[in-house]
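See below for the structure under consideration.
We use all heavy atoms of the structure for the numbers below, so side chains are in, but hydrogens, waters and symmetry mates are not. We're numbering straight along the sequence, starting at 1.
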Amino acid sequence: MEHPEVTRAVMVPFTKVAAGILRFADIEIVGICDYREEKVGKTTKELVGDDVPEFEIRPMEDLEELLEEAEWLIWTKEVLDEDVHYIKWREAVDEAVVKGVNVYNMGRLHMVAQDPNWRLEAHKRGVQYFDTSDPELYLEYLHYGMKAREEGVNADVVSIVGTGRRTGKFTTLNTARRILEEEGINVRSVGTEPSSLLTGSEAMVIPQVLPMAHAAGTVYGAVKKLDEEYEPDLILVGAQTGVTADPLEVGTGRGGSLAALTILLGSDPDRMVVATRPELLNELQDVVEVVTLLTGARVQFVSVNGKDYSEEEVREVCKRIEDEFGLPAADPIKMEEEFRDLVLDLIAPG
């Protein structure tokens, strides 16, 4: 299905994906609702920090009112791992479709297109819907993946990899892209988050929903397609979880290191950026050794997510990384100037 143009939207619920949309998407958000007591009544800044626009998280009872102002409902939770998530997902989509509001659904295994009643109602009311998870996406990129294996890729490819969850991989990719674009670099990106097409990436691959035999090839095919269509200088590829995570981490639908390694090997990088948190430094050496061994590419620098630390503490961590691992490091939010310099080195590596 062709990707739609998403304009005025209400988001449900407030997740890290929703926070990423606030930071990086060019969409007018009219409000955010949630059904969890720990979220309702708080502001986005209270929950994720000062680097997002401020909204109060409103209860689900306010969704009907907000839908009156919106053209789209964006459902932002990928994995509906509890009954309450599934129930609220159905209620939110029902309410949007009945009101004639378009639906952008990020549920990974629960799709609007799979419900014949929703499809019928959407057709009757002229409602658009888009499911970000596409189990047949590999068919679109199969040809490109085969060409990539035969011809290679002209652009330099930089893969973002992580030492674990919530290490700032998404922020690293999108901040790096903005910096490169500001310098006039022709840069494109393959995102692996369900919001990737809303936040600037030209291609999006969610590997967990694809047949395992085709997942890495789909990533490589997406890279090749961007290489042919845009002739970029640089292609950035996003990441999921961590490359040394538990491969049996299936309860959250993440797939642990299986998803991370699939993306990494599929991207066939020339260089890599490792994203980490200060408390995961013990994982850093293993991650650097694993990704270097598997790809033959080098780690260019380390991106540190110091959200819960002071700037002084973050700088101490970055100094430790440089001293102990021989890798430059910076926080993209708290060390903007230093991070910018490291990103610009991606286009002229020494």
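In summary, Arg8 and Glu28 engage in a salt bridge, as defined by a charged side-chain N under 4.0 Å from a carboxylate O. Under the 4.0 Å criterion applied to side-chain N and carboxylate O atoms, Glu202 and Lys225 are not assigned as salt-bridge partners. Between Asp115 and Arg90 there is a salt bridge, since a side-chain N of the basic residue sits under 4.0 Å from a carboxylate O of the acidic one. Between Glu121 and Arg125 there is a salt bridge, since at least one side-chain N of the basic residue sits less than 4.0 Å from a carboxylate O of the acidic one. Ion pairing of Glu183 with Arg340 is present here, as a side-chain N (NZ or NE/NH1/NH2) and a carboxylate O approach within less than 4.0 Å. In this structure, Glu56 does not pair ionically with Lys42, as no charged nitrogen and carboxylate oxygen lie closer than 4.0 Å.
In this structure, the side chains of Val288 and Leu327 come closer than 4.5 Å at one or more pairs of heavy atoms. A heavy-atom distance below 4.5 Å is not found between the side chains of Glu64 and Leu67. In this structure, the side chains of Glu91 and Met60 stay at 4.5 Å or more apart for every pair of heavy atoms. A heavy-atom distance below 4.5 Å is not found between the side chains of Tyr129 and Asn105. A heavy-atom distance below 4.5 Å is found between the side chains of Tyr35 and His85. At a threshold of 4.5 Å between non-hydrogen side-chain atoms, the residues Val237 and Val223 count as touching. Side-chain contact between Leu258 and Met212 is present, with at least one heavy-atom pair separated by less than 4.5 Å. Annotation: side chain of Tyr220 is not in contact with side chain of Ser267 (no heavy-atom distance under 4.5 Å).
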Test side chain to side chain donor-acceptor pair (under 3.5 Å) applied to Ser257 and Thr244, step by step: CA-CA 6 Å; Ser257 60; Thr244 57; over 6 Å; no
Working for salt bridge (charged side-chain N to carboxylate O under 4.0 Å, His left out), residues Arg58 and Glu65: CA-CA 11 Å; Arg58 297 171 62 173; Glu65 174 190 340; 3.2 Å; yes
Steps toward side chain to side chain contact (heavy atoms under 4.5 Å, CB included) verdict (Met11, Ile29): CA-CA 7 Å; Met11 294 196 291; Ile29 302 299; 4.1 Å; yes
Intermediate values then yes/no, side chain to side chain contact (heavy atoms under 4.5 Å, CB included), Lys224 and Arg149: CA-CA 9 Å; Lys224 181 64 174 177; Arg149 284 192 291 273; over 6 Å; no
Residues Arg188, Glu229; criterion salt bridge (charged side-chain N to carboxylate O under 4.0 Å, His left out); working and verdict: CA-CA 10 Å; Arg188 306 293 165 170; Glu229 289 190 356; over 6 Å; no
Stepwise side chain to side chain contact (heavy atoms under 4.5 Å, CB included) test for Met106 and Ile21: CA-CA 12 Å; Met106 297 183 182; Ile21 290 171; 3.8 Å; yes
Residue pair Lys99, Glu95: steps toward the salt bridge (charged side-chain N to carboxylate O under 4.0 Å, His left out) verdict: CA-CA 6 Å; Lys99 284 189 167 293; Glu95 196 162 352; 5.9 Å; no
CA sep, side-chain torsions, deciding dist, call: Val10, Ile32, side chain to side chain contact (heavy atoms under 4.5 Å, CB included): CA-CA 6 Å; Val10 57; Ile32 304 171; over 6 Å; no
Intermediate values then yes/no, side chain to side chain donor-acceptor pair (under 3.5 Å), Thr276 and Thr163: CA-CA 5 Å; Thr276 192; Thr163 56; 2.8 Å; yes
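Ring geometry for Trp89 against Trp118 counts as perpendicular: the plane angle is over 60°, on a 0 to 90° scale with 30° as the lower cut.
Val52 and Val17 fall within the same hydrophobic cluster, where Ile, Leu, Val, Met, Phe, Trp and Tyr residues are linked whenever their side-chain heavy atoms come under 4.5 Å apart, directly or through other members. By the criterion of side-chain heavy atoms lying less than 4.5 angstrom apart, applied directly or through intervening Ile, Leu, Val, Met, Phe, Trp or Tyr residues, Val93 is grouped together with Leu80 in one hydrophobic cluster. Hydrophobic clustering (ILVMFWY, side-chain heavy atoms < 4.5 Å, transitive): Leu280 and Tyr309 are in distinct clusters.
Between the side chain of Thr192 and the main chain of Ala239, a donor-acceptor pair closer than 3.5 Å is present. Between the side chain of Lys169 and the main chain of Thr241, a donor-acceptor pair closer than 3.5 Å is present. Using modelled atom types, one side-chain atom of Asp131 and one backbone atom of Val112 make a donor-acceptor pair closer than 3.5 Å. With Glu313 contributing its side chain and Ser310 its backbone, the two residues share a donor-acceptor pair below 3.5 Å.
Within a 6.0 Å sphere centred on CD of Glu337, other residues, nucleotides and ligands contribute 12 heavy atoms or fewer. Atom CG of Asp83 has 12 or fewer heavy atoms from other residues, nucleotides or ligands within 6.0 Å. Atom NZ of Lys319 is surrounded by 12 or fewer heavy atoms from other residues, nucleotides or ligands within 6.0 Å. In the displayed structure, Glu5 atom CD is contacted under 6.0 Å by at most 12 heavy atoms of other residues, nucleotides or ligands.
Of all heavy-atom pairs between Ser201 and Gly191, the closest is OG-N, 3.6 Å. Here the shortest heavy-atom pairing between Asn102 and Gln128 reads OD1-N, 2.8 Å. Of all heavy-atom pairs between Asn305 and Pro278, the closest is O-CD, 3.3 Å. Listed here is the closest heavy atom pair of Leu226 and Pro232: O-CD, 3.5 Å. Closest approach of Gly306 to Lys334, counting heavy atoms only: O-NZ, 2.8 Å. For the residue pair Gly221 and Tyr144, the shortest heavy atom distance occurs at O-CB, 3.3 Å.
Summarising the geometry, atom CG belonging to Leu66 is positioned 11.5 Å from atom CD belonging to Glu61; distances are rounded to the nearest 0.5 Å. Taking CD1 of Ile321 as the reference point, atom CD of Glu324 lies at 9.0 Å (rounded to 0.5 Å). With rounding to the nearest 0.5 angstrom, the CG atom of Leu234 is 8.5 Å from the CG atom of Asp270. The distance from the CD1 atom of Ile206 to the OG1 atom of Thr132 is 5.5 Å, given to the nearest 0.5 Å. Annotation: the span from Lys307 atom NZ to Thr171 atom OG1 amounts to 10.5 Å, rounded to 0.5 Å. Here the SG-CZ distance, from Cys318 to Phe301, works out to 11.0 Å after rounding to the nearest 0.5 Å.
Here the two rings, on His214 and Tyr141, have centers that are 6.0 Å apart or farther. Two rings, from Phe170 and Phe24, have their centers less than 6.0 Å apart.
Between the side chains of Arg177 and Ser189, at least one donor N or O lies within less than 3.5 Å of an accepting N or O. A side-chain N or O of Thr15 and one of Thr76 form a donor-acceptor pair less than 3.5 Å apart. Using modelled atom types, one finds a donor on one side chain and an acceptor on the other under 3.5 Å when comparing Ser303 with Thr172.
Put simply, the residue from Arg108, Lys16, Arg23 that forms a salt bridge (charged side-chain N to carboxylate O under 4.0 Å, His left out) with Glu193 is Lys16.
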